[in-house]
Amino acid sequence: MVRRLAGAGAAGLLFLAAPASAEECRSRLLPPAAAAPGPKRTITAGDLIELRDFGIAIDMPGGDPPFSLSPDGRHLAMLLRSASVAANNYCLGLLAIDLETRAVRLLDVGGEPTLILADMHGLADQGTGAFDALRPLWSPDGQWLAYQRRIGGVTQLWRVAAAGAAAEQLTHGASDIRRFAWTADGQGLVFAVRGGIAEARAAFAAEGDAGYLYDTRFWPLSGDRPEPPANIPLAYFTYGPGNGAVRAASATERALLLPAADPRFPAGTLLRAESGTGDLAWVARRAGSYLGPQALGARVSGRLFACAAEACDDRIIGLWWWRKGEILFLRDWGTRRRGEVALFRWRPGSAPVSLFRTTDPLNGCLRQGGALLCGREAAGQPRRLVRILPTGETALVFDPNPEFRRVALGPATRLAATALDGAPAFGDLVLPPDHRPGQRHPLVVVQYNSRGFLRGGTGDEYPVHLLAARGYAVLSFQRPTPAAYGTPSPNHLAYQKANIAGWADRRRVFSALDRLVDAALATGAVDADRIAITGLSDGTATVQWALLHSRRYRVAVMSTCCEDPSTTGFAAGPAFAGETRGWGYPAPGEKDPAFWREYSLARNAGRVEAPILVQAADREYRLALETVASLRAAGKPIELYVFPDEYHIKWQPRHRRAVYERVLDWLDFWLLDRQDRNPAKTAQYARWKMLRAGASAEASRPAP
């Protein structure tokens with residue numbers, strides 16, 4: 001289960017250049033007042049990679065707000081970041097916004113990126129490469145802002161006066177601050193650390209003198225030594241005022257960081273809200289289901305209410321008490337209604353009333369009086385902070401990237417389709433900015449979320465608008481919900497078994513994608529003979545399935561690769577191997593040609609026709625080795641690149657630019673027979689020509 005924890009894992013972060021100075025960061029983080037007038041220009045890789053961002057860079061609605069509101073409701077604080085490709089670093093700053101005047105101030109700059117860690121396969125704190133959405137918090141009197149800042153590989157608590165002054169570090173421990181809150185009196189801060197992680201790793205170092213026993217403590221994708229177990233708990237402390245003494249937190253103080261333990265709410269509560277008069281509202285998972293659906297309920301004046309309307313049956317992503325006796329909630333309809341998000345008003349005891357709907361995802365909303373403050377984005381618009389009234393009327397509060405208005409983007413059209421089993425799915429078809437009626441373009445499929453700003457798909461490696469500017473049509477694909485979603489699955493094992501049985505989920509996803517490609521072809525703007533498919537993670541699984549079940553996809557690019565017998569048998573470690581056997585995968589050494597014929601590229605190398613480019617992280621490339629070796633032995637064109645100090649999601653700006661550029665080069669070469677004239681790429685194209693010649697020779701051989 002992914003946990004949004006501060007930190008970057010045991011390996012740390014290795015920048016290839018020195019951190020930016022405070023002066024440079026102020027220049028990079030503060031946006032200009034407005035975009036300069038003038039004609040629109042062609043998009044560049046830097047326009048995407050160097051966007052100013054806040055919150056988690058994931059293209060899905062919902063989540064905790066990455067910003068906070070001052071007690072008087074007049075100011076908002078957030079942490080802003082900006083990448084530099086040239087320097088291969090990030091600037092981070094604490095921003096305060098006056099919500100009346102829209103004036104923006106940078107209260108502090110500095111620190112290192114803080115990435116999301118995940119507890120996976122029984123092991124703690126595995127790096128993901130995705131940015132954490134750390135949230136600054138106002139003191140109850142509005143005089144101070146406390147926030148997390150990472151320096152020297154450790155995340156600690158800092159504070160700065162809201163009026164502006166030099167920031168000061170409050171804690172100086174050896175373990176990362178995972179979460180924090182102001183004490184009720186506003187005089188101190190309660191925080192949580194996972195100190196047992198460092199202790200476990202120190203014990204492993206001593207064990208290494210006699211050699212490590214290879215067992216379920218190993219996760220070979222992160223390193224060559226054991227990893228701490230996921231059951232290491234958090235420890236809670238309180239930073240006191242005055243001399244800054246740190247002591248163990250009391251039960252009352254711990255409760256500030258443990259809302260799930262509130263006995264007034266049902267077990268399994270996901271969202272909760274309390275009115276000024278003590279009435280409660282909640283969203284909880286229905287009993288007997290590992291994932292979804294959900295139920296909305298309330299307790300008003302001691303009386304229980306349940307919302308039985310369709311609007312309340314699942315995927316509620318925001319919940320607030322509004323006017324007396326009324327609740328506002330945000331519903332994400334997901335693939336059921338083409339990615340629509342809707343705001344409803346519910347008075348317990350009556351039917352909910354729809355207030356407004358949008359296909360723009362709303363990220364991390366919080367209530368400001370009678371309105372909501374949300375991050376909002378669209379297919380051609382990076383995330384901005386907006387104020388939304390219940391009527392749907394929207395006002396811009398803060399645009400981190402006003403310069404982006406000068407960038408020329410192609411039109412995006414939302415397409416819908418259903419999988420063979422009836423599951424709904426959708427995608428966005430983006431055409432080149434200079435598209436003219438009657439033109440047909442090669443198509444690139446980008447996966448597997450298509451919510452909000454279309455940057456580069458899940459993992460941000462396939463730049464949608466950059467591809468469109470290059471002359472490609474791009475189908476940004478939103479995969480349908482998993483086949484097991486909403487079924488009676490009491491735990492993760494049962495859930496995964498239902499997805500794997502008969503390859504139910506892979507069949508659902510691929511059939512939905514194939515029908516969306518049909519819809520793209522029906523527009524007349526796509527060349528059916530030149531279609532490429534790309535993907536990371538679950539998107540890679542769809543690439544594998546597509547290459548073995550269709551001849552439609554002529555070229556492939558993957559960010560991770562691949563699920564083959566070695567992957568589930570041993571390359572990902574014994575814990576993962578045990579899990580996959582429970583899901584229905586064959587055991588290591590067990591021959592199951594019927595199972596692998598559907599899915600494994602390595603076991604079916606002779607059936608693979610598309611040239612494949614793999615650009616993998618150093619922590620994950622071993623998963624591709626069986627595939628690469630098998631396809632090379634079969635004379636199939638495949639090339640593997642390995643990026644140092646990377647995770648499942650690549651975080652280094654310079655690496656992202658290299659990934660973008662090679663994706664474009666690979667697609668141009670195989671789909672358009674076009675080459676970059678840069679002499680530095682001579683060797684690249686020499687290799688690719690040899691791959692193409694070998695593939696042509698293989699294709700011309702008579703069948704045995």
Side-chain angles (χ1 to χ4, degrees), residues 1-3 5-14 115-129 153-154 174-176 178 193-235 491-493 496-497 500 537 560-592 596 600 602 616-629 642 644-648:
M1 179 179 67
V2 172
R3 301 178 62 192
L5 303 177
L13 300 178
L14 303 176
L115 306 181
I116 297 174
L117 300 179
D119 287 353
M120 297 187 294
H121 315 297
L123 302 176
D125 284 8
Q126 302 305 302
T128 65
V154 182
S175 300
D176 293 334
R178 308 301 182 115
V193 300
R194 208 176 189 187
I197 297 290
E199 295 170 4
R201 288 186 171 132
F204 293 153
E207 180 186 343
D209 291 339
Y212 301 119
L213 174 66
Y214 182 70
D215 54 20
T216 55
R217 300 173 301 164
F218 274 79
W219 179 243
L221 303 189
S222 64
D224 54 4
R225 61 197 62 207
E227 293 291 328
N231 61 5
I232 293 178
L234 293 173
N491 53 43
H492 182 65
L493 173 62
Q496 287 294 71
K497 286 182 70 173
I500 298 299
S537 198
T560 48
C561 173
C562 290
E563 274 199 66
D564 287 310
S566 66
T567 308
T568 56
F570 56 83
F576 184 71
E579 286 184 34
T580 56
R581 287 197 296 277
W583 303 344
Y585 282 74
E590 179 182 336
K591 295 186 181 300
D592 192 336
W596 289 115
S600 168
D618 54 352
R619 289 174 171 84
E620 296 188 338
Y621 82 96
R622 296 171 186 83
L623 299 179
L625 296 184
E626 183 181 5
T627 309
V628 172
V642 180
D645 191 29
E646 285 294 0
Y647 297 86
H648 192 60

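Partners of S537 according to the side-chain hydrogen bond (donor to acceptor under 3.5 Å, both in side chains) rule, which considers only residues two or more places apart in sequence or in another chain, are H648. Residues that satisfy the ring-ring contact (aromatic ring centres under 6.0 Å, His included) test with F570, not counting sequence neighbours, are absent from this structure. Take V628 and apply the side-chain contact (heavy atoms from CB on, under 4.5 Å) test, not counting sequence neighbours, and it matches A624, R632, I638, L640. For N491, the side-chain contact (heavy atoms from CB on, under 4.5 Å) partners two or more places apart in sequence, or in a different chain, are L493, A494. The ring-ring contact (aromatic ring centres under 6.0 Å, His included) test applied to W219 returns H121, not counting sequence neighbours. Evaluation of the side-chain contact (heavy atoms from CB on, under 4.5 Å) rule for A235 yields V193, F237 as partners, not counting sequence neighbours. Checked against side-chain hydrogen bond (donor to acceptor under 3.5 Å, both in side chains), T567 has no partners two or more places apart in sequence or in another chain. Legend: residues meeting ring-ring contact (aromatic ring centres under 6.0 Å, His included) with Y621, ordered by chain and number and at least two apart, are absent. Every residue meeting the side-chain contact (heavy atoms from CB on, under 4.5 Å) condition with E563, not counting sequence neighbours, appears here in chain and number order: Q544, T568, Y585, Y599. Taking D215 as the reference, R217 meet the salt bridge (Lys or Arg N to Asp or Glu O under 4.0 Å) condition, with sequence neighbours excluded. For S175, there are no side-chain hydrogen bond (donor to acceptor under 3.5 Å, both in side chains) partners two or more places apart in sequence or in a different chain.
Distance check, rounded to the nearest 0.5 Å: CD of Q496 to OG1 of T580 gives 10.5 Å. With rounding to the nearest 0.5 angstrom, the CD1 atom of I197 is 9.5 Å from the CG atom of D176. Atom CG of L623 is separated from atom OG1 of T560 by 8.0 Å, given to the nearest 0.5 angstrom.
For D564 (side chain) and A602 (main-chain N/O), a donor-acceptor pair under 3.5 Å exists by modelled atom type. A distance-only check finds a donor-acceptor pair linking the side chain of D618 to the backbone of E646 [under 3.5 Å]. The closest donor-acceptor contact from the side chain of Y212 to the backbone of F204 lies under 3.5 Å. With hydrogens and angles ignored, the 3.5 Å screen pairs no side-chain donor or acceptor of R201 with any backbone N or O of P228.
Across every non-hydrogen atom of I232 and A200, the tightest pair is CD1-CB, 4.2 Å. Of all non-hydrogen atoms in H492 and W583, the two that sit nearest each other are NE2-CZ2, 3.7 Å. Contact detail for P565 and S600: the closest heavy-atom pair is CD-OG, 3.7 Å. The minimum heavy-atom distance linking F218 with P574 is given by the pair O-CD, 4.2 Å. In this structure, G569 and A577 approach most closely via the heavy-atom pair O-CB, 3.4 Å.
Screening residues 579-591 for salt bridge (charged side-chain N to carboxylate O under 4.0 Å, His left out), with sequence neighbours left out, gives no hits.
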Stepwise, does the salt bridge (charged side-chain N to carboxylate O under 4.0 Å, His left out) test hold for R194 with D125?
CA-CA 10 Å; R194 208 176 189 187; D125 284 8; 2.9 Å; yes
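Under a cutoff of 6.0 Å and an axis angle of 45°, R619 and Y647 form a cation-pi pair.
A heavy-atom distance below 4.5 Å is not found between the side chains of Q126 and D119.
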